[in-house]
Amino acid sequence: MASMKYFIITYGCQMNVADSEKIASALEKTGQQPANNVKEADLLVINACSVRQAAIDRVYGQINNFPDKKIIVAGCLLDFDKKRLAQNKNISFWNPDEYFKLPPARLASESVAGGPPRTNKNTANIPIMTGCNNFCSYCVVPYTRGREKSRPASRIIKEVKSLIKKGYKEVILLGQNVNSYKDKKNNFLQLLQKINNLPGDFWLSFLTSHPKDMSDKLIETMARCEKIAPYIHLPVQSGDNEILKKMNRHYTVTHYKNLIKKLRAAFKKHRVNFPPLAISTDIIVGFPGETKKQFQHTANLAREIKFDMIYFAQYSPRPGTAAARLPDDVPQQEKKRRTRILNNILKKTALQNNKKYIGKTVDVLINKIKKDCAIGKTATLKTVKIDANPHSELTYLPKLQKRTVSDSLASVKIIGATAWGLRGKLKADTDKISNRLYKKSNI
Ligand code: SF4
């Protein structure tokens with residue numbers, strides 16, 4: 001293949017972001033060059049997401065915008081959309097399990113898995129498994145990505161080791177259902193413990209957990225492993241048992257509440273008081289048949305748990321799923337209204353949680369330096385804006401600007417909070433993640 005310039009457009013979740021890194025790595029190994037922008041590219045790779053209709057509509061839009069380019073559609077695609085897209089002769093497809101053997105090079109999977117170029121210099125997204133066996137009634141992932149497949153732990157550990165050596169400060173393990181990770185010798189707990197025991201300073205977290213698979217042992221391991229960030233994303237989807245049943249989620253609201261109680265208690269026991277465990281979730285509003293009362297149960301749950309973040313989705317039927325056979329009977333306006341109500345609850349609970357940071361000093365991983373401020377995040381995934389102080393002679397931005405991958409951490413005193421983030425002042429440079437998050441006796 002003659003050398004071409006490629007550009008990748010990524011839709012959807014962190015898994016797709018990580019997959020785009022693999023695709024870029026494979027393309028570069030076959031001699032292709034990254035383009036600076038889509039116009040400059042000969043080859044456009046669209047990494048699609050089928051979780052919502054809107055994301056698929058955007059794929060169709062992009063294809064119409066660039067009739068003169070060679071286009072490859074990768075990612076999560078339903079057969080139905082594939083057939084429609086295949087009518088366009090410029091388009092070819094790569095399935096998620098084919099990224100390691102891209103034509104024409106047929107690259108050996110390990111050589112690519114060892115080192116995809118990473119877009120973020122501090123954070124490494126590392127897929128540990130792909131696919132899903134759960135068949136939640138609204139979700140296309142089991143159809144587009146197939147059944148669960150776990151990568152061998154030895155390869156994951158090798159990859160983490162090499163990234164830590166390069167100075168990465170955050171490792172995020174990715175899978176649609178990480179709790180059911182399993183290779184020949186290790187389950188998810190064992191994998192977490194092995195990564196936690198690697199030498200080096202880094203935060204470790206993982207996405208996404210399923211409440212039905214979150215065991216007491218996992219909760220205890222999370223709290224005891226000192227590198228695991230005090231943050232969990234635990235999708236609840238609904239606060240009503242009947243809706244959860246229709247969603248095929250296999251847990252009850254009481255089970256979910258108990259998990260949160262146990263998680264909070266374990267982190268209180270094994271970690272220092274601050275920062276407390278941060279909790280985010282996913283909620284679908286307007287699932288088929290969701291009554292106002294059933295929605296109220298979800299709103300009550302959100303008030304009670306006091307989430308740090310909620311990722312909302314207004315239900316839209318996806319062809320081929322079990323829920324698509326049910327009437328999509330909650331009107332669009334009502335879905336919007338319910339989202340607004342939840343968002344107002346979130347604004348209050350997130351603000352309450354964020355205000356607790358004021359006056360405290362936290363480690364911040366800086367990932368963007370702007371003209372007059374730096375933007376970073378805490379281990380609990382709070383966005384922090386670090387202001388330059390124009391009245392101070394010791395303005396620290398030039399110092400921040402000189403930072404490299406390996407010294408992107410800062411010790412920051414928090415001086416302000418909103419529902420969506422924190423504001424802080426740089427207290428000190430730090431090369432190491434401090435032990436501030438952990439009780440020394442447990443390390
Ligand atoms: S657990 Fe459910 S929502 Fe998550 S990927 Fe699997 S089927 Fe989809």
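As the structure lists them, so they are numbered: ligands from 1, and atoms in each ligand from 1.
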- Message: Looking only at the side chains, is there a donor atom on one of Glu226 and His270 sitting less than 3.5 Å from an acceptor on the other?
- Response: no

- Message: If the threshold is 4.0 Å, N to carboxylate O, is there a salt bridge linking Arg145 and Asp19?
- Response: yes

- Note on the structure: for atom 3 (S) of ligand 1, nearest protein heavy atom and its distance come out as Tyr138 OH, 3.5 Å

- Residues Arg155, Glu159: salt bridge by 4.0 Å N-O rule: no

- Nearest-neighbour protein heavy atom for atom 6 (Fe) of ligand 1, which is reported as residue plus atom name and distance: Cys132 SG, 2.2 Å

- Task: Could you tell me which atoms of ligand 1, counted from 1 in the order shown, lie closer than 4.0 angstrom to a heavy atom of Pro142?
- Result: 7 (S)

- Item | Distance filter under 4.0 Å to His210 heavy atoms, resulting ligand 1 atoms | 1 (S)

- Is a salt bridge present between Lys245 and Glu242, judged by a nitrogen-to-oxygen distance below 4.0 Å? no

- Residues Lys246, Asp240: salt bridge by 4.0 Å N-O rule: no

- Task: Report yes if some heavy atom in the side chain of Leu173 is under 4.5 Å from a heavy atom in the side chain of Ile195; otherwise report no.
- Result: yes

- Sub-4.0 Å atoms of ligand 1 with respect to non-hydrogen atoms of Cys139: 3 (S), 5 (S), 7 (S), 8 (Fe)

- Message: For atom 7 (S) of ligand 1, what's the nearest protein heavy-atom neighbour? Residue, atom name and distance, please.
- Response: Cys136 N, 3.3 Å

- Tell me which protein heavy atom sits closest to atom 1 (S) of ligand 1, plus the residue, atom name and distance to 0.1 Å. Asn134 ND2, 3.4 Å

- Atoms of ligand 1, numbered as shown, that sit under 4.0 Å from any heavy atom of Gln176: 5 (S)

- Atoms in ligand 1 flagged as close to Phe135, the criterion being non-hydrogen separation under 4.0 Å: 7 (S)

- Between Asn177 and Glu148, is any side-chain donor less than 3.5 angstrom from a side-chain acceptor? yes

